[in-house]
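Worksheet: one structure, shown below.
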Amino acid sequence: MNLEDYRGIWVYIEVKDGNVAPVSLELLGAGRMLADKRGTELGGVLIGSGVKPLATTLFAYGADVVYVYDDPIFEHYRTEPYMRALLDCCHKHKPEVLLYGATPTGKDLASAIATDLPTGLTADTTILDIEEDTGLLLASRPAFGGNIMATILCKKYRPQMATVRPKVMKALSPDPARTGRIIEEQIELHEEQMRTKVLEVVRETVKKARIDEADIVVAGGKGMGSKEGFQLIHELADVLGAAVGASRDVVEAGWIDHHHQVGQTGVTVTPKIYFAIGISGAIQHIVGMQNSELIIAINKDPNAPIFQACHYGIVGDALEIVPLLIKRLKEELP
Ligand code: FAD
């Protein structure tokens, strides 16, 4: 493999309900930085049915070139046709870096591509950088239970691939005046040859707590003492119009379900305000909330690691402080 043949930073563009998924816009932001550093182009690979108009959005968010595979066969995500299209694009245009969101779709597609192309894949990356001269992608992620950050390199093969967690990278502010090149691609795929068919799409009716989209997250830990004590977290969240987050130990204790877990094996959140109440601040929790704009911690142990990660810290008993906070906020808030 001649590494010099491979140029350009690419992002696989995920489309959800007819819109570009937020994680893809975030990756264009990160990809722009990598492409500028490397002095190369930023490309987006857009696969779907009726998706071509979305290219304008991708240019506004930083892409120089968009490769479009627009065909009814791509109406719903399926591994096989999407993989075939993306492989086709890689073979034709040879990117040096290919990034995917670490979403169910991104993870599925990235691992399928990695089985076919002779290259590696770094999963769940949280920091991206590139060496300007060699073009080596520096993909960092928590390793060994989150105790260290490992930087993973793919020295001999291209493209260098990584999945990146949603909400970790920052999208650029869109510039509607930005334009770029659209390259329309086609690949011969026949529905009757596809091994999977989408018969029906059933939307989830259970309302999931979207803690990753909330402006305020009130998160509680084992320090709340019991499921009853954890009710105070719900009450404080209600007063503030916030979403409820939790540490893994709370989820494992059955006080709340896994959708609320913040951290390495849960959700990554970046709200305007994050309350960490009765949470010790283990590294596996910190990696999921450290980019919040304002972090307020309440813990009765003055040496709890959470106090190293917060902007404001209150040392004291949460079971006493939280009811006072709720009372005061009810008086103050309209
Ligand atoms: P504890 O560690 O028990 O801490 C409770 C805290 O509450 C203490 O600091 C204590 O001082 C304080 N406290 C006690 N009583 C009070 C009171 N009355 N008022 C105020 N403070 C009080 N954890 C996550 O959260 N998210 C993850 O995604 C995650 N992934 C993991 C992945 C791996 C591979 C591993 C090994 C671990 C993972 N963990 C994760 C677990 C993590 O290491 C910690 O065990 C967990 O975060 C601790 O939860 P906690 O802070 O609620 O509980």
Side-chain angles (χ1 to χ4, degrees), residues 102-104 107 122-127 140-150 152 163-168 208-214 217-237 242-271 273-292 295-328:
T103 59
K107 288 181 185 182
T122 303
D124 276 330
T125 308
T126 55
I127 303 173
S140 304
R141 51 153 298 153
F144 294 108
N147 288 320
I148 60 158
M149 289 297 286
I152 297 168
T163 62
V164 181
R165 281 189 157 212
K167 293 268 177 184
V168 176
K208 263 199 213 166
R210 296 306 315 238
I211 52 171
D212 53 343
E213 288 172 3
V217 174
V218 178
K222 276 310 273 298
M224 299 313 292
S226 61
K227 195 168 183 173
E228 291 66 41
F230 197 82
Q231 256 326 101
L232 286 171
I233 300 293
H234 289 281
E235 281 179 41
L236 180 57
V244 173
S247 68
R248 187 171 85 167
D249 288 22
V250 160
V251 172
E252 282 180 351
W255 298 354
I256 196 164
D257 80 68
H258 181 255
H259 292 131
H260 297 265
Q261 184 181 316
V262 174
Q264 185 188 327
T265 42
V267 181
T268 302
V269 297
T270 51
I273 310 177
Y274 187 86
F275 286 87
I277 306 177
I279 291 179
S280 57
I283 182 70
Q284 297 89 353
H285 188 84
I286 299 290
V287 292
M289 45 63 82
Q290 62 193 353
N291 291 330
S292 305
I295 301 168
I296 301 169
I298 305 175
N299 198 302
K300 69 176 184 189
D301 174 6
N303 298 315
I306 192 70
F307 288 127
Q308 305 298 320
C310 70
H311 300 95
Y312 294 104
I314 303 170
V315 179
D317 186 344
L319 301 174
E320 287 173 16
I321 295 167
V322 176
L324 293 174
L325 253 177
I326 294 170
K327 186 167 172 287
R328 186 64 188 269

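First listed ligand is number 1; within each ligand, the first listed atom is number 1.
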(Q) Determine whether a donor-acceptor pair (N or O, by modelled atom type, separation under 3.5 Å) exists between the side chain of H258 and the backbone of G266. (A) no

(Q) With heavy-atom distances below 4.0 Å as the criterion, list the atoms of ligand 1 near Q264. (A) 27 (C), 28 (O)

Q.
Given 3.5 Å as the limit, does a donor-acceptor pair link the side chain of D124 with the main chain of T163, or not?
A. no

Q.
Taking I295's backbone N and O only, do any of them form a donor-acceptor pair with H311's side chain (distance below 3.5 Å, no angle check)?
A. yes

Q. So is A318 polar-close to ligand 1, meaning N/O to N/O under 3.5 Å?
A. yes

Q: Going by heavy-atom distance to atom 23 (N) of ligand 1, choose the closest among K300, E320, H258, R248.
A: R248

Q: Name the option, out of S247, G316, A282, G278, that contains the heavy atom nearest to atom 52 (O) of ligand 1.
A: S247

Q. With respect to atom 9 (O) of ligand 1, which of V250, D301, V262, N299 exhibits the smallest heavy-atom separation?
A. N299

**Q.** Ligand-side contact atoms (ligand 1) for residue partner G221, heavy atom cut-off under 4.0 Å
**A.** 52 (O)

Q: Could you check if a side-chain atom of Q261 sits within less than 4.5 angstrom of a side-chain atom of S247, using non-hydrogen atoms only?
A: no

Q: Look up atom CE in M289 and atom NZ in K167, then write down how far apart they are to the nearest 0.5 Å.
A: 15.0 Å

(Q) If we set the cut-off at 4.0 Å for heavy atoms, which region of M224 has an atom near ligand 1: side chain, backbone, both, or neither? (A) neither

Q. Which ligand 1 atoms are under 4.0 Å away from a heavy-atom of G266?
A. 28 (O)

Q.
I want to check something: taking the side chain as every heavy atom from C-beta on, are I298 and I306 in contact at a cut-off of under 4.5 Å?
A. no

Q | Those atoms of ligand 1 less than 4.0 Å from some heavy atom in T265 | A | 27 (C), 28 (O), 29 (C), 30 (N), 31 (C), 32 (C)

**Q.** Numbered atoms of ligand 1 (with element) below 4.0 Å of D317, judged on heavy atoms
**A.** 17 (C), 18 (N), 19 (N)

Q | P166 side chain reached by T268 side chain, heavy atoms, under 4.5 Å | A | no

